[in-house]
Amino acid sequence: MLAKDSTSHKIAQRAAQEIKPGDFVNLGVGIPTLVADYFQNDANTVFLQTENGQLGVGPSPMPGTEDLYLVNASKLPVTEMIGASYFSSADSFGMIRGGHIGVAILGVLQVNRLGQIANWAVPGKAIMGVGGAMDLLVGAKKIIVTTTHMTKDGKPKIVDQCSYPLSGTRKVDLIITDYATFSVDEEGLILEELASEVTLEQVEKNTDAPFRQSATLKIRSLD
Amino acid sequence: MLAKDSTSHKIAQRAAQEIKPGDFVNLGVGIPTLVADYFQNDANTVFLQTENGQLGVGPSPMPGTEDLYLVNASKLPVTEMIGASYFSSADSFGMIRGGHIGVAILGVLQVNRLGQIANWAVPGKAIMGVGGAMDLLVGAKKIIVTTTHMTKDGKPKIVDQCSYPLSGTRKVDLIITDYATFSVDEEGLILEELASEVTLEQVEKNTDAPFRQSATLKIRSLD
Amino acid sequence: MKKLISSQEAMALIKTGDTLMVGGFGLVGAPLTLIYALENAEHATDLTIISNNLGEPNRGLGKILRAGRVKKAIGSFFTSNPDVIEYFQKGLLETQLLPQGTLSEAIRAGGAGIGGFYTKSSAGTLLSENKEVREIDGELYVLEKPLHANVALIRAFRADSLGNLTYYKSTRNFNPMMATAADIVIAEVDELVETGDLNPEEIITPHVYVDYVVRSEIKLGGARVG
Amino acid sequence: MKKLISSQEAMALIKTGDTLMVGGFGLVGAPLTLIYALENAEHATDLTIISNNLGEPNRGLGKILRAGRVKKAIGSFFTSNPDVIEYFQKGLLETQLLPQGTLSEAIRAGGAGIGGFYTKSSAGTLLSENKEVREIDGELYVLEKPLHANVALIRAFRADSLGNLTYYKSTRNFNPMMATAADIVIAEVDELVETGDLNPEEIITPHVYVDYVVRSEIKLGGARVG
């Protein structure tokens, strides 16, 4: 598990601000899974769905209390909120494809200038798994991407055109990185928010796709 | 309810002889529903499925003990055998179309020389309902037709070509009337059995389709 | 309970021209309280009704037909209401007859994001006229389209405060699929329980599908509840 | 209990060249006892395995891959076993990667007599290459075919003497659909109960789908049962 102050956690914390009471939310593998730690849900008004077949996913169990047969899509132990239910994968993806999940938060390998994503394959490398990503991409009402702005090798993940195969043709709605937040419209990316640690110039330098600036560009606050 | 010695009951009694331990059986509306009264199932080894969503349909309830919310496809009150289960219509017809029901017993309006049936519509008349008949016809492993040999107007129901619209292209496997029992092969109908009350001549006269005689033609016994 | 409304409030959610799904196999599993309210909701006309049957002559949904408020009926068995045939023959009603398995699967498809499916049911019959038929592995299949509705009126047995639903015996029938396939889903229920009182393993309809809950006031046989 | 057999007896039902469905999402809900028996059932080679994952390197189904007994893998996520990629790249293994929702729906279709279905998932991606794509209501859908198997190895929680099954929490995943889509269905279960001990409303897999039951001997984490 990453330390609470790590980059991934800051991204997750920012993404959690997008979750509103009454939302039905699916969290993908990786940074999205961390989002669950950053919104209060004492009133049980946010409902996490995991595509392996549970609605009403609760927080991570206390060490030593894990039920190995109760896991999320990342295969990590979770708990059961009051009012939770279980269903098969077919029913779960019926729920997803049928448009019943309001928000999906996904990790990506790349995002292109139009807000389309690649997150399931790297040609020639040992990544060959799509899981539920393509179904979530076509089914969720709103798609939020959470990702580090740069790869581990220091290359931009937001690129003009994806070199990795696309996960679908649908544009995502919001892209949250450790550097910035972008919304997406028909013409492409709009910079909405800068992380307090970075400058506009740094974002421009480290983003390989064109983007416009929002008229209401903000500095990100995580408080 | 018809008297126990009526024509319909004799047909049902004969059809019940086709049911074997371990069979999963769906009974259509009308005479087929009566079949349930004619096989012993004390060991719970025959399993009746009703397409409105129950496996393990038990016998008709004692008068005064009916549960109005527990009915078969004929909308008649039934009971629950031990080991019964309930499911939605979608799941029920998945079971039917998917080939998991061994025997379906169906009523018909007409049967043609090839063993194809018409049982859902009469042009110009107030019959406009297909229910589960077409799904059962494509899905059940074995189809048994139970029908009176003649219509109420005294016309043959087994005809050269159906004047009513067909329920599907599949041939049924066995046709049980009050006069006779026919099997069906690629070329058409084969008379397998004569009811004790009728002669071969009567069957020939009242059947409007050609049929062959089985080398092992029997006289029906209902004991 | 946040989602609990009256049957009158429920009717305000239905507009003229709407497509409605109505649960039940005959009267069993039908939302009788909501159907009764619909009879009185005269503002809603020009309706398309997706339901296995269309009531009986001047009973249940049959009453809405006689009031001239049904434009189209989609179902599998209209024989129980001869009015349907009469209205159809007079050109007063459009009908779409589907095999019962196709009807239930089409509703499921509508709720599950399936754009269409192939079934053998009705291949080679009048019911597949004007539909795409294709051969798959040597057998004929008919392409069937998903069904959607503006509003679904369904019946369940128990609802918890979130709106999770269980059903009772053969009342389940079309209700769980209809709960997934409409913009607004209104569930009439016999019992309201606290969230947590339903075993998570026996919840058939997760609350994500349920928008409103109405307390059932009419039981089968006509007995009034409460 | 009529259907109760040992895991060794179960393996005698599998033949060389068979297509197997194996339940589970990773190890959760996987029939660990049956998979262990399959590792030792060396008579069965040239297998096509339909499972969300293909185990891990030299663990579970991954062991059968290393033994050269898997001809083809159909699943949604092979990343957890890098061997799959290696064998695929060396031409030692055919693979078919499907979106997880398509995989589960295709298995359901296989069990439910659906000849094919249209889904938006994977439209416009490499995964829809060589598949029929059509526009429905202005959006692209991919035609997906049903999946069938000779034998399904699934895991459930409780079985009654008839073979009715319930599942435990997130172990349900692919198991209920696989129970419908194979010629022979073998369910590994944690608990055997008398017929009548399961609430009819909470039975997820009716016994019509279950041919054999095997007592689970391995729990997650490696603990041996009994």
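Order of the sequence lines sets the chain letters (A, B, ...), proteins ahead of strands, with each chain counted from 1.
- Looking at D:Glu94 and D:Lys71, no side-chain N of the basic residue comes within less than 4.0 Å of a carboxylate O on the acidic one, giving no salt bridge.
- A side-chain donor from one of D:Tyr118 and D:Glu132 sits under 3.5 Å from a side-chain acceptor of the other.
- Contact of D:Phe88 with chain A is made through the side chain alone, with heavy-atom distances under 4.5 Å.
- Chosen from A:Gly139, A:Ala73, A:Ala133, the residue pairing most often with chain D at heavy-atom distances under 4.5 Å is A:Ala73.
- In this structure, the portion of D:Pro176 lying under 4.5 Å from any heavy atom of chain A is its side chain and not its backbone.
- For D:Thr95, the part lying under 4.5 angstrom from a heavy atom of chain A is the side chain only.
- In this structure, CE in A:Met134 is found 14.5 Å from CZ in A:Arg170, a value given to the nearest 0.5 Å.
- When each of D:Pro99, D:Gly124, D:Ser122 is scored by its heavy-atom pairs under 4.5 Å with chain A, the top score falls to D:Pro99.
- For D:Asn175, no part lies under 4.5 angstrom from a heavy atom of chain A.
- Proximity to chain A is absent for every atom of D:Ile107, based on heavy atoms less than 4.5 angstrom apart.
- Interatomic distance, D:Leu153 CG to D:Thr33 OG1, rounded to the nearest 0.5 Å: 11.0 Å.
- Annotation: maximal heavy-atom pairing with chain A below 4.5 Å, among D:Arg108, D:Glu105, D:Met177, occurs at D:Met177.
- Taking OG1 of D:Thr119 as the reference point, atom CG of A:Asp135 lies at 6.0 Å (rounded to 0.5 Å).
- Of all the listed residues (D:Gly101, D:Gly26, D:Ala123, D:Gly75), the one sharing the greatest number of non-hydrogen pairs under 4.5 Å with chain A is D:Gly101.
- Ion pairing between a basic and an acidic side chain is recognised when a charged N comes within 4.0 Å of a carboxylate O; D:Lys131 and D:Glu129 show no such pairing.
- Between A:Asp160 and A:Arg113 there is a salt bridge, since a side-chain N of the basic residue sits under 4.0 Å from a carboxylate O of the acidic one.
- Listed options D:Asn53, D:Leu27, D:Val28 were ranked by heavy-atom pairs under 4.5 angstrom with chain A; first place goes to D:Val28.
- Contacts between residues 83-99 of chain A and chain D, counted as heavy-atom pairs separated by less than 4.5 Å, involve A:Tyr86, A:Phe87, A:Ser88, A:Ser89, A:Ala90, A:Phe93, A:Arg97.
- Note on D:Arg66 versus D:Asp83: salt bridge recorded, some NZ/NE/NH1/NH2 to OD/OE distance being below 4.0 Å.
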**Q.** Intermediate values then yes/no, side-chain contact (heavy atoms from CB on, under 4.5 Å), D:Asn173 and D:Asn52
**A.** CA-CA 10 Å; D:Asn173 56 63; D:Asn52 193 54; over 6 Å; no

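- In this structure, NE2 on D:His207 lies 5.0 Å from CG on D:Asn164, to the nearest 0.5 angstrom.
- No side-chain donor-acceptor contact under 3.5 Å links A:Asp178 and A:Thr7.
- Here the CG atom belonging to A:Asn112 is positioned 12.0 Å from the CG atom belonging to A:Asp208, to the nearest 0.5 angstrom.
- Ranked by heavy-atom pairs under 4.5 Å with chain D, the first of A:Leu136, A:Leu137, A:Asp67 is A:Asp67.
- Highest contact tally toward chain D, considering only A:Asn72, A:Thr169, A:Leu166, A:Val71, is held by A:Val71 [criterion: heavy-atom pairs under 4.5 Å].
- Side chain to side chain, A:Ser183 and A:Glu192 meet the donor-acceptor criterion of an N or O pair below 3.5 Å.
- Heavy-atom pairs under 4.5 Å with chain A peak, among D:Thr102, D:Leu127, D:Leu126, at D:Leu127.
- Top candidate by heavy-atom pairs under 4.5 Å with chain D, chosen from A:Asn52, A:Thr50, A:Val78, is A:Asn52.
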